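What follows is a set of notes on a single structure, which appears directly below.
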Number of protein chains: 2
Amino acid sequence: MRFDLDRASPVPLYHQLASAIERAIQDGQLAPGSSLENEIALAQRLGISRPTARQALKSLVDRGLLVRRRGVGTQVSPAQIHRPVGLTSLYDDLEGSGQLPTTRMLDWERRQASVEEAEELELAAGVDIVAIKRLRLAGDEPIAVLTNLLPEMLAPSREDLERTGLYECLRERGYQPSVAKQRIGARTATAAEARMLEESPRSALLTADRVAYDDAGHVVEVGHHIYRASRYVFETTLFSR
Amino acid sequence: MRFDLDRASPVPLYHQLASAIERAIQDGQLAPGSSLENEIALAQRLGISRPTARQALKSLVDRGLLVRRRGVGTQVSPAQIHRPVGLTSLYDDLEGSGQLPTTRMLDWERRQASVEEAEELELAAGVDIVAIKRLRLAGDEPIAVLTNLLPEMLAPSREDLERTGLYECLRERGYQPSVAKQRIGARTATAAEARMLEESPRSALLTADRVAYDDAGHVVEVGHHIYRASRYVFETTLFSR
DNA sequence: TTTGAAAGAATGTCCTGACAAACTGTTGCA
DNA sequence: TGCAACAGTTTGTCAGGACATTCTTTCAAA
């Protein structure tokens, strides 16, 4: 098993090795259940130190791609466990459903925050916010209504948002959400919602309410999303500790 | 800031240090946003090597309790981010709702698996399984119906299950689920379900369907859980990568 | 007073080395 | 033949050391 490491690259060696192993797993060169050579031999063969090899292997263990047991060795995880790290990603919560969504802008409005909204965004009452409402479609079929609130000064313009995604816009503007707290729930649809989502009245909706924070703990964005339960589930991998 | 490390303890030093720092954060001795001493000084003061100290700090960074920046140092994460690693835990998916649940056994049945059930459990058709149905209550109020299917040979007895939780029983029997794939969805309740959960007919249910695997990739347990949407949400913390 | 460079501070990456713990396979003894 | 002990194998923990990168502060020059 060849892993090419480029010592002139700015990418750390452990990172290069982890990527190469991951690629080999995904290409099928490393089959689920198969054993890798031991870390001492691997390090020696690649001309790197053992802790460097360990760091690469550990990062893959943490992501569920490898399993390691003392006295036994390092193995590729069984096939069922081969997901990119088990979380619904902060950026791509639709991809778990295997659908390629498009997004249509329904509304973009600058206005004063209500008391509740200001509280959610951890802003003073009455400040200006931008409220964005979009429809998510898979093909021509609506699957979700996404409402997002942002402090005015962070908010992308309507034009920017029609060009690319909300988080991409935020990133371009130098605002990097790093953590989000999300609540997933369910309720029945209002008549307006049912119409918008092409469901029958009082059908079940899956809801996701989210507050995203930057590194300093400031609220970057609040999202209230509703999904057709008939068309959408959240998929998650859980690891025991 | 004192951290007592017991070198005679079988618990690894890095683990002891991580726990001590975590405790200090939770006790309020280390306030959100405050800086820890640098890793070199910390290691020196505690009489441990720098990589050992790093390992403790890294494990806390990975869990969102600390933030580290090159040139700046190590700080306690802002208060909003102080959750144990962001996933709904494999074992305690009710704890995020801040409720202390009790569990009532509704049914425990050994029978032959249907075709669909055998497929879910990755067993040959017609083999014996155990189907368990329980009601989860918060106080006297029902909040969830939990159905679990297990290969017969792994399944705890009815008596064991009334004494302790399913995962605890599995652990005692030497079966250790390590990964689970979960799908969270929503639908409206059937009349029987609504009655069981003391909700009105056709009210919204939050659903969780889960397959849990052991380290070797064998299915340990399949769960089909329904929750009253009026009483229950899944709370999750999402980290950007 | 402002701007740019240098110095100081701290984490990140990588190295060599050694011992402990856990697992598997082999051998010896009852 | 079966069981226990031992040997071999591999990962896990820990140590000491060095250099690179990134960030902040200070100092000097314009």
Side-chain angles (χ1 to χ4, degrees), chain A residues 1 3 5-21 33-62 64-77 174 176 178 214-216 241, chain B residues 1 3 5-21 33-62 64-77 174 176 178 214-216 241:
Chain A
M1 183 90 294
F3 301 119
L5 305 181
D6 175 8
R7 288 200 178 245
S9 166
V11 179
L13 292 176
Y14 76 90
H15 200 277
Q16 290 181 53
L17 177 55
S19 298
I21 293 173
S34 62
S35 289
L36 269 66
E37 67 193 306
N38 73 64
E39 73 185 26
I40 295 170
L42 181 66
Q44 191 162 42
R45 180 163 68 82
L46 297 178
I48 58 178
S49 74
R50 186 179 156 206
T52 302
R54 287 186 66 77
Q55 198 169 350
L57 295 171
K58 183 171 191 304
S59 76
L60 293 171
V61 168
D62 289 346
L65 297 182
L66 298 181
V67 176
R68 312 193 77 196
R69 285 156 73 202
R70 215 188 282 207
V72 178
T74 302
Q75 294 172 312
V76 179
S77 296
Q176 180 80 301
S178 63
D214 65 16
D215 263 345
R241 295 245 159 238
Chain B
M1 182 93 291
F3 299 119
L5 304 180
D6 174 7
R7 287 198 179 248
S9 167
V11 179
L13 292 175
Y14 76 89
H15 200 278
Q16 290 182 50
L17 177 54
S19 297
I21 294 173
S34 63
S35 290
L36 268 67
E37 68 194 304
N38 74 64
E39 74 185 25
I40 294 171
L42 180 66
Q44 190 160 41
R45 180 163 70 81
L46 298 178
I48 58 177
S49 76
R50 186 178 158 205
T52 302
R54 288 186 67 77
Q55 198 170 350
L57 295 172
K58 183 169 191 304
S59 76
L60 293 171
V61 169
D62 289 346
L65 297 183
L66 297 182
V67 176
R68 312 191 79 195
R69 284 158 71 201
R70 213 189 283 207
V72 178
T74 302
Q75 296 173 311
V76 179
S77 296
Q176 180 83 301
S178 63
D214 66 16
D215 263 346
R241 295 241 155 244

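In what follows, chains are A, B, ... by sequence order, proteins preceding strands, each numbered from 1. Predicted, not measured: the structure shown is a model, and the values here were computed from it.
- Checking dT13(C), dT13(D), dT24(C) against every side-chain atom of V72(A), the shortest atom distance belongs to dT24(C).
- With hydrogens and angles disregarded, no donor-acceptor distance shorter than 3.5 Å links the side chain of E39(A) to the backbone of A53(A).
- Closest heavy-atom contact between A18(B) and S59(B): CB-OG, 3.7 Å.
- One cannot find a donor-acceptor pair under 3.5 Å joining the base of dG12(D) and the side-chain atoms of R69(A).
- Closest to the side chain of L13(B), out of dT16(C), dA20(D), dA15(D), is dA15(D).
- The interatomic distance linking Y14(B) (OH) with dT13(D) (P) rounds to 3 Å, in whole Å.
- Closest to the R68(A) side chain, of the nucleotides dT11(D), dC15(C), dG16(D), is dT11(D).
- Place A53(A) and R50(A) on DNA chain C by their nearest nucleotides, and A53(A) ends up nearer the 5' end.
- The distance from atom CD1 of I48(B) to atom C1' of dT13(D) is 12 Å, rounded to the nearest whole Å.
- In this structure, the CZ atom of R70(A) is 10 Å from the C1' atom of dC23(C), given to the nearest Å.
- Side-chain contact between R7(A) and I48(A) is present, with heavy atoms from C-beta onward closer than 4.5 Å.
- Nearer to the 5' terminus of DNA chain C, by closest-nucleotide assignment, is the contact made by R7(A) (compared with the other of R7(A) and G71(A)).
- Nucleotide dC14(C) holds its P atom 8 Å from the CD atom of Q16(A), rounded to whole Å.
- Listed candidates were dT11(C), dA20(C), dC14(D). Nearest to the side chain of N38(B) is dT11(C).
- Rounded to whole Å, the distance from NE2 on H15(B) to P on dC14(D) is 11 Å.
- The side chain of S49(B) lies closest to dC14(D) when the candidates are dC14(D), dC14(C), dG12(D).
- Checking dC14(C), dC15(C), dT13(D) against every side-chain atom of P12(A), the shortest atom distance belongs to dC14(C).
- Protein atom CG of L42(B) is 12 Å distant from nucleotide atom P of dA10(C), rounded to whole Å.
- Nearest to the side-chain atoms of T74(B) among the listed nucleotides dT16(C), dA15(D), dT11(C) stands dT11(C).
- V76(A) is listed as a side-chain neighbour of L66(A), based on a closest heavy-atom distance under 4.5 Å.
- In this structure, the CG atom of L36(A) is 9 Å from the P atom of dT11(D), given to the nearest Å.
- I40(B) comes within 4.0 angstrom of a nucleotide base, judged by non-hydrogen atoms across all strands.
- Within the structure, a side-chain polar atom (N or O) of Q55(B) is placed less than 4.0 Å from OP1 or OP2 of dT13(D).
- Whole-Å rounding puts the R54(A) CZ to dT11(D) P distance at 8 Å.
- Using a 4.5 Å heavy-atom threshold, the side chains of E37(B) and Q44(B) count as separate.
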